[in-house]
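Read through the structure below, which is laid out as structure tokens, and then see the notes.
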Amino acid sequence: MFRRSRRVSDLRVAFDLFLATMPPDAPIRAVITSDALEKELAAFDEADRIALMRQRPNQRANGVAFFFGCVGAILWAILLLPIEGWLPEVSLHALGALRMACLTVAFLSLGWIRWGGSAKWKEARSAAEEIRGQILRHVIERCAHDKVLLAQALACFKIAHLDWQLGFFKKRIAELNEAERRSKAAPYIWSARALSIAGLVLGLIAVVNIAEAFGYSVPYLSGSPHIPNAHRWEAGLSALASSILAFVGARASSLVAALYALVAADLDKMNSEQLPKAEAAAAEGNAKEVLQFVKQVQAVMEFEHRVWRIVG
């Protein structure tokens, strides 16, 4: 059907999915298999390949930054604890050097993402998505002169673009929600909470001890156990809890899931309310209204992509 590249892009798969719903003699087949559209599909294939190629190192750098940043922050918190009497001095220096190395790796990884990798990936993805939208719009435009073709082109737009993208958003919403649900039940969340509670208790003891040192008596808490370096224990445990929670929070995707949910809701609404009007217009040969519907759908998707780039 198509002159395939080594990797079949999802747009070609979406077109195949649509053509599977059409009879063998459907006029729209000649439009979709034309040399003109094949040239545009080849351009999309290349743009999509470049975007995926640039995404992979960005994801790896992101994972490296999160991991080493978390380890470095935890080591930093451990060094806040009063552990000088427990470990030889050389071990403390080794922990300090390891912390610095972890934070350096994390900083360099984030720098690569911020000033190179992320920008290139987003630019490449944006270029591919722009070509995708142009291809679907061109299919409509090439069929505008004939009622039958126009109706089939709109059906193609619905199945290969509107429904396809809507399916992507709903799938990602489910994946992100599941990932967040799992992270909330993960043991390190409870560990962070336990550390926070321990830090709070030690902090309270430190406040009482300081007050008693200045001659003040705290009601109901006087005579509380005196813990040496309670303030350092509180600082270290609180820092440990914050480091773990910050690491988990950095991986949380609730904001992206909320964005996808809003876009999916908009597309669902257009599918149920605006699409029937566009189909009626296509049946009458009114290409202007059909193209207006296409423009509205694209505006929603472009808005999502702009916000995604900011959130990312």
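For clarity, every value in this text was computed on a predicted model and none was experimentally measured.
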With a 4.5 Å limit on heavy-atom distance, are the side chains of Ile159 and Phe15 in contact? no

Is the shortest side-chain N to carboxylate O distance from Arg132 to Glu40 below 4.0 Å? no

Do the side chains of Arg125 and Asp48 get close enough for a salt bridge, i.e. N-O under 4.0 angstrom? yes

Give, for atom CG of Leu150 and atom CZ of Arg142, the distance between the pair rounded to the nearest 0.5 Å. 14.5 Å

Given the rule that I, L, V, M, F, W and Y join up when any side-chain heavy atoms are under 4.5 Å apart, are Val148 and Val290 in one cluster? no

Less than 4.5 Å apart, side chain to side chain, heavy atoms only: is that true for Lys170 and Asp268? yes

Quick check: do His161 and Ile135 have side-chain heavy atoms less than 4.5 Å from each other? no

What one should report as the nearest heavy-atom pair of Ala43 and Ile131 is O-CD1, 4.1 Å

For Ile28 and Val139, run side chain to side chain contact (heavy atoms under 4.5 Å, CB included): C-alpha distance rounded to whole Å, both residues' side-chain angles, the deciding distance at 0.1 Å, then the answer. CA-CA 9 Å; Ile28 191 67; Val139 170; 4.3 Å; yes

Calculate, to the nearest 0.5 Å, the distance between atoms CD and CD belonging to Gln296 and Gln274 respectively. 5.5 Å

With side chains defined as the heavy atoms from C-beta onward, is the minimum distance between Gln152 and Cys143 less than 4.5 Å? no

According to a 4.5 Å side-chain heavy-atom criterion applied to Ile, Leu, Val, Met, Phe, Trp and Tyr, with indirect links allowed, do Leu262 and Val300 form part of one hydrophobic cluster? no

Using side-chain heavy atoms (C-beta onward) and a distance below 4.5 Å, is Phe157 in contact with Phe293? yes

Is a donor on one side and an acceptor on the other found under 3.5 Å between the side chain of Arg29 and the backbone of Pro23? yes

Please name the pair of heavy atoms, one in Ala264 and one in Ile173, separated by the smallest distance, quoted to 0.1 Å. CB-CD1, 4.1 Å

Residues in salt bridge (charged side-chain N to carboxylate O under 4.0 Å, His left out) contact with Glu279, at least two apart in sequence or another chain: none

CG of Asp35 to CG of Leu41: how many Å apart, nearest 0.5 Å? 11.5 Å

Below 4.5 Å, heavy atoms only, C-beta onward: do Pro27 and Asp146 meet side chain to side chain? no

Under the criterion side chain to side chain contact (heavy atoms under 4.5 Å, CB included), I'd like the reasoning laid out for Met301 against Val263: C-alpha separation, chi angles, the key distance, then a yes or no. CA-CA 7 Å; Met301 294 183 182; Val263 175; 5.6 Å; no

To the nearest 0.5 Å, how far apart are CG in Leu267 and CZ in Phe168? 12.0 Å

Heavy-atom check, side chain of Gln134 versus side chain of Glu129, under 4.5 Å: no

Set of salt bridge (charged side-chain N to carboxylate O under 4.0 Å, His left out) partners for Glu289, sequence neighbours left out: none

Nearest-0.5 Å distance, CG of residue Leu11 to CG of residue Asp45: 8.0 Å

Is there side-chain contact between Met270 and Leu275, with heavy atoms separated by less than 4.5 Å? no

Nearest 0.5 Å please: distance from the CG atom of Asn271 over to the CG atom of Asp163. 5.0 Å

I need the minimum non-hydrogen distance between Ala155 and Phe18, along with the two atoms involved. C-CE1, 3.7 Å

Under the criterion side chain to side chain contact (heavy atoms under 4.5 Å, CB included), I'd like the reasoning laid out for Phe169 against Asp266: C-alpha separation, chi angles, the key distance, then a yes or no. CA-CA 11 Å; Phe169 289 127; Asp266 285 342; over 6 Å; no

Between Ala282 and Leu154 the two heavy atoms that sit nearest each other are CB-CD2, 4.0 Å

Could you pull out the closest heavy-atom pair between Val294 and Ile140, with the gap in Å? CG2-CG1, 4.0 Å

Give me the atom names and distance for the closest heavy-atom approach of Ala144 to Ala287. CB-CB, 3.5 Å

